[in-house]
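Notes follow the structure.
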Amino acid sequence: MHIRVEDLTHIYARGTPAERVALRGVNLEIGPGERVGISGPTGSGKSTLVQHIAGLLVPAAGQVLLDGVPAHRRTPEARARRRQVGLAFQFPETQIFEVTVFREVAFGPRHLGLGADEIAARVRWALEMVGLDHDSFAERVPFALSGGEMRRVAIAGILALKPQVLILDEPTAGLDPRGRKELLARLRGWQAQTGATLILVSHHLDEMAGLVDRAVLLADGQVVADGPTRHILSDGARLRAVGLSPPPAVALLEALRAAGWPVRTDALNIEEVVAEIAQHVTTDGHG
Ligand SMILES: Nc1ncnc2c1ncn2[C@@H]1O[C@H](COP(=O)(O)OP(=O)(O)O)[C@@H](O)[C@H]1O
Ligand SMILES: [Mg+2]
């Protein structure tokens, strides 16, 4: 699926005292199979943007084209495109409404008109994909789950639709550090297996670093940077200027640089930091 966001503007509560311009002329193109991260401070318009890509909101100006078709139209061809875009909302409890985990994950496939065997197979597959054991979770009540489990169920419900585009809005909120890592690794595996487009919204830049090749920064409803993940995430000054914290690896190398070490600052994880420091320990005679 080819996604093209054209001069997209979104205004909430238009014409009321609470009017709020959430997106101001956003342009963005995402090709099939791309892995893209969208970051930016709270209120920068990330959630609004991805809801437009999923065709759930109507633009005040501009449009989102899914394979050339305006995403929000009420036509069968727009509906068919929207069906290929799965969005896991920032707040999963707003997405969950069935009485058992099985029914919740089966909801989408059932509406695709699939047979019972195929539905059951998809539910099992999707739950395993997000790290929930089918037999221990299938009959549980979604609302009695922990926040992290609920989020996994919501994501499973989207995966079960086998979308061409998967959008995850802050998917690791409510998960502990190990749970975050594990879920992201599973989603990376899913993406590699399916070749689907993956759009990850997060303000945890280190989390984004391991999962996407391209990073887009939003600030105040506008795209302020768009490029290779390493390039965007290693520019600590720009990240701080829009109110984001650089990944810890970048912050550490920047501090070393400020202390006089001639290190590069474009490392994205601990292993790269260690390699960079080791190079200077041996060649510069430190330590
Ligand atoms: N339903 C809404 N009604 C009014 N204003 C909203 C609504 N949703 C979001 N906003 C406002 O729009 C702006 C962008 O919000 P959002 O897209 O949720 O940003 P982000 O996901 O980056 O935190 C914010 O100023 C937010 O307060
Ligand atoms: Mg948001």
Side-chain angles (χ1 to χ4, degrees), residues 3-28 30 35-64 71-72 82 85-97 147-148 150-152 154-155 157-158 165-175 180 183-184 187 197-209 211-212 214-227 229 232-233 235 238-247:
I3 300 164
R4 190 208 219 11
V5 179
E6 274 181 358
D7 299 322
L8 181 66
T9 292
H10 187 88
I11 304 173
Y12 286 108
R14 195 170 196 175
T16 76
E19 180 168 303
R20 170 84 200 168
V21 182
L23 297 173
R24 313 166 185 269
V26 169
N27 285 286
L28 193 64
I30 299 175
R35 290 174 300 191
V36 183
I38 298 177
S39 196
T42 300
S44 57
K46 304 181 296 295
S47 293
T48 305
L49 174 58
V50 294
Q51 287 175 70
H52 273 285
I53 294 175
L56 301 176
L57 297 175
V58 178
Q63 59 183 352
V64 173
H72 65 280
R82 282 199 294 274
V85 181
L87 166 62
F89 285 93
Q90 180 165 7
F91 303 103
E93 56 282 5
T94 63
Q95 196 164 20
I96 283 179
F97 46 90
M150 217 187 273
R151 185 168 292 279
R152 286 171 195 260
I155 294 173
I158 308 281
V165 178
L166 175 65
I167 307 175
L168 301 163
D169 194 352
E170 311 271 3
T172 61
L175 269 66
R180 288 179 174 218
L183 180 63
L184 291 174
L187 292 168
T197 306
L198 179 66
I199 301 176
L200 172 70
V201 174
S202 176
H203 54 260
H204 292 283
L205 297 179
D206 54 325
E207 206 165 272
M208 192 172 272
L211 199 61
V212 302
R214 174 180 168 200
V216 174
L217 296 186
L218 284 186
D220 198 22
Q222 290 181 305
V223 174
V224 294
D226 181 356
T229 305
I232 303 291
L233 298 196
D235 189 345
R238 174 160 58 193
L239 294 173
R240 289 191 191 89
V242 300
L244 291 170
S245 305

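In each ligand, atom 1 is the first atom listed, and ligand 1 is the first ligand listed. The basis for the numbers below is simple: all heavy atoms, side chains too, and nothing from hydrogens, waters or symmetry mates.
Rounding to the nearest 0.5 Å gives a distance of 12.0 Å between CG of Leu218 and CZ of Arg24. Of the inter-residue distances, the one linking Ile199 atom CD1 with Leu166 atom CG reads 9.0 Å to the nearest 0.5 angstrom. Note that CZ of Phe89 is 7.5 Å distant from CD1 of Ile158, once rounded to the nearest 0.5 Å.
Ranking protein heavy atoms by distance to atom 4 (C) of ligand 1, first place goes to Tyr12 CB, 3.4 Å. Among protein heavy atoms, atom 17 (O) of ligand 1 sits closest to Thr48 OG1, 2.5 Å. Atom 14 (C) of ligand 1 has as its closest protein heavy atom Gly43 O, 3.5 Å. What sits closest to atom 25 (O) of ligand 1 on the protein, heavy atoms only, is Arg20 NE, 2.7 Å. Among protein heavy atoms, atom 18 (O) of ligand 1 sits closest to Ser47 CB, 3.7 Å.
For Ser47, the nearest N, O or S atom to the Mg ion (ligand 2) falls under 2.8 Å. Thr48 lies apart from the Mg ion (ligand 2) in this respect, since none of its N, O or S atoms is found at a distance under 2.8 Å.
Under 3.5 Å, the side chains of Gln63 and His52 contain no donor-acceptor pair of N or O atoms.
When atom types are taken as modelled, the side chain of Arg151 and the backbone of Ala173 share a donor-acceptor pair closer than 3.5 angstrom. Looking only at distances, a side-chain donor or acceptor of Thr9 sits under 3.5 Å from a matching main-chain atom of Gly25.
Under the 4.0 angstrom criterion, atom 22 (O) of ligand 1 counts as having a protein heavy-atom contact. Distance check on atom 6 (C) of ligand 1: some protein heavy atom falls below the 4.0 Å cut-off.
Residue Ser44 places at least one N or O, backbone or side chain, under 3.5 Å from an N or O of ligand 1. Note: an N/O pair closer than 3.5 Å links Gly45 and ligand 1 by distance alone. Polar contact with ligand 1: absent for Thr42 (N/O pair, distance under 3.5 Å).
Heavy atoms of Pro41 approach ligand 1 to within less than 4.0 angstrom.
A salt bridge is absent between Asp169 and Lys46; no separation between the charged side-chain nitrogens and carboxylate oxygens falls under 4.0 Å.
Every atom of ligand 1 with a heavy atom of Ala22 under 4.0 Å away is listed here by number and element: 12 (O), 13 (C), 14 (C).
For Arg14, the CZ atom sits in a loose shell: 12 or fewer heavy atoms of surrounding residues, nucleotides or ligands are nearer than 6.0 Å.
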inquiry  = If you apply the rule side-chain hydrogen bond (donor to acceptor under 3.5 Å, both in side chains), what do you find for Ser202 with Glu170, and how did you get there?
reply    = CA-CA 5 Å; Ser202 176; Glu170 311 271 3; 4.5 Å; no
